[in-house]
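Proteins come first, then strands; the chains are lettered A, B, ... in the order of their sequence lines, and each starts at number 1. No experiment lies behind these values; they were computed from the predicted model shown.
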2 protein chains.
Amino acid sequence: MPRRINSKAKSFDGKCQTLAFLAKALSDENRLRILLSVSSGKKSVSRIVEDLQLSQPLVSHHLKELKRSLLVRVERSGPFIYYEIVDPRIVEILEDMNVIATDLLANRTTF
Amino acid sequence: MPRRINSKAKSFDGKCQTLAFLAKALSDENRLRILLSVSSGKKSVSRIVEDLQLSQPLVSHHLKELKRSLLVRVERSGPFIYYEIVDPRIVEILEDMNVIATDLLANRTTF
DNA sequence: TAAATATATAAATGTACGTTTATATATTTA
DNA sequence: TAAATATATAAACGTACATTTATATATTTA
C-alpha cells in the first residue's frame, strides 16, 4: 500500500496531469478572450475576429487548441463555422479564479 | 463609450491577462504537485523533494515560480526553508476544475 | 464555372519554458 | 574553522508554443 502524505494529496493523485492540461488551455490571454467570447452562445470565426481584433489565422489556431482541449464544440452552417463553449461552468471557475487573483494582488505585500 | 458585446465579456474586460497569468502558474504538472504538497501546511524543500521524488533544483525552480505567482509564501527556520500555500481557495478551484475536466473527458464523444 | 467569402492549414520565426548538470550560498555541527 | 547539510542560482539544452505570412480548402453567389 503506497504511503499517503495527507488526504488532500490523495484526492489529487493522478489528476495533476489532467488539471495541468486544462490549466494550460486557459493560460493564454488571447485564447481566454476567445473562449469567453463564445461563452454566451454560438459565434462565427469572423465574428470573433471582428470582436477581438485578432488575425483570422490566430483565432483559428486558438479555436483548434480549445477544441483539442474539449472546451468548445464546432458546428458548420453554410460558409460559417460556429464555435460554442461546451461547459459554461468554466466561466464560473474563471470568475472564482479572478476573485482569488485580485485578492492575491491586493495583498501581495502582506502575504 | 466602448462597444460591449455582452455582459459576460464586460465582466472579464481587462482581466484575461491576470487570469492567464494565474492559469499559467497552474499549467505544469510538477508545479501543481508541489503546490498541492504545501496546501495543508508548511513544508521544507527537502521534504517536498522526498515526497514527490523530484530533483532539488527542479523543486526550487518551481517554488520560485509559485512565489513569483504569489501562490506560496516562504519562511526560513534554521537551515530549512518552509513553503506554504497562500490562499487555500486555490485548492477548491482545482477540485472544481477536476470535476469539469473529468466530465469533459467522459463526454468527449458526446459533446 | 468563375469570383468572392469564410475558414483552415502550413511554414517560418522568435521566444518562453521545463529539465538537467554544475556550482554557489547559507546555516548548523563537530 | 572545517565539514556537512539545506537551498538557491546559473548555464546549457531541447522543446513547446504564440504569432505572422502565405496559401489551401470549402461554400456561396453571380
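- We find that CG of B:L26 is positioned 14 Å from P of C:dC17, with the value rounded to whole Å.
- Stem analysis of DNA chain C (Watson-Crick or G-U pairs, both distances under 3.5 Å, runs of at least three) returns C:1-30 with D:1-30.
- Two residues are said to be in side-chain contact when any heavy atoms from C-beta on lie closer than 4.5 Å; B:I90 and B:L94 meet this criterion.
- Here the P atom of nucleotide C:dA6 and the CD atom of A:E50 are 11 Å apart, to the nearest Å.
- Whole-Å rounding puts the B:E29 CD to D:dA16 P distance at 15 Å.
- Side-chain atoms of B:L63 and B:I34, non-hydrogen and from C-beta on, do get closer than 4.5 Å to each other.
- For the pair B:Y83 and D:dA8, the criterion of a side-chain N or O lying under 4.0 Å from OP1 or OP2 is met.
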Under 3.5 Å, which donor-acceptor pairs do the side chains of residues 16-30 of chain B form with other protein atoms, sequence neighbours left out?
from: B:S27; atom 1: OG; to: B:K24; atom 2: O; distance (Å): 2.7
from: B:D28; atom 1: OD2; to: B:N30; atom 2: N; distance (Å): 3.1
from: B:D28; atom 1: OD2; to: B:R31; atom 2: N; distance (Å): 3.0

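- Put simply, the side chain of A:L54 reaches to within 4.5 Å of the side chain of A:R33, judged on heavy atoms.
- Between B:K64 and D:dT9 there is a side-chain polar atom (N or O) within less than 4.0 angstrom of OP1 or OP2.
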Can you give me the N/O atom pairs linking the protein to nucleotides 17-19 of chain D at distances under 3.5 Å, or say none if there are none?
from: D:dA18; atom 1: OP1; to: A:R31; atom 2: NH1; distance (Å): 3.1
from: D:dA18; atom 1: OP1; to: A:R31; atom 2: NH2; distance (Å): 3.0
from: D:dA18; atom 1: OP2; to: A:R31; atom 2: NH1; distance (Å): 3.4
from: D:dT19; atom 1: OP1; to: A:N30; atom 2: ND2; distance (Å): 2.8
from: D:dT19; atom 1: OP2; to: A:N30; atom 2: ND2; distance (Å): 3.4
from: D:dT19; atom 1: OP2; to: A:H62; atom 2: NE2; distance (Å): 2.7

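- With a 4.5 Å cut-off on side-chain heavy atoms, A:K43 and A:D51 count as touching.
- Taking the side chain to side chain donor-acceptor pair (under 3.5 Å) definition, one finds that B:S69 meets it with nothing, sequence neighbours left out.
- Looking at residues two or more places apart in sequence or on another chain, you find no salt bridge (charged side-chain N to carboxylate O under 4.0 Å, His left out) involving B:K67.
- In terms of the side chain to side chain donor-acceptor pair (under 3.5 Å) criterion, residue partners of B:S46 (sequence neighbours excluded) are, by chain and number, B:S44.
- In this structure B:E75 satisfies the side chain to side chain donor-acceptor pair (under 3.5 Å) test together with B:K42, sequence neighbours excluded.
- Using a 4.0 Å heavy-atom cutoff across all strands shown, A:S60 reaches at least one base atom of the nucleic acid.
- Atom C1' of nucleotide D:dT5 and atom CZ of B:F80 are separated by 8 Å, given to the nearest angstrom.
- Listed by chain and residue number, A:E65 satisfy the salt bridge (charged side-chain N to carboxylate O under 4.0 Å, His left out) test with A:R68 (two or more places apart in sequence, or in another chain).
- Here the side chains of B:H62 and B:L58 are in contact, with some heavy-atom distance below 4.5 Å.
- Through chains of ILVMFWY side-chain contacts below 4.5 Å, A:F80 is grouped with A:Y82.
- Summarising the geometry, the separation between NZ on A:K43 and P on C:dA6 is reported as 16 Å, rounded to the nearest angstrom.
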With 3.5 Å as the limit, what N/O pairs link the protein to nucleotides 11-13 of chain D?
none

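- Take B:E84 and apply the salt bridge (charged side-chain N to carboxylate O under 4.0 Å, His left out) test, not counting sequence neighbours, and it matches B:R73.
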Would you list the protein and nucleotides 23-30 of chain C atom pairs, both N or O, that sit under 3.5 Å from each other?
none

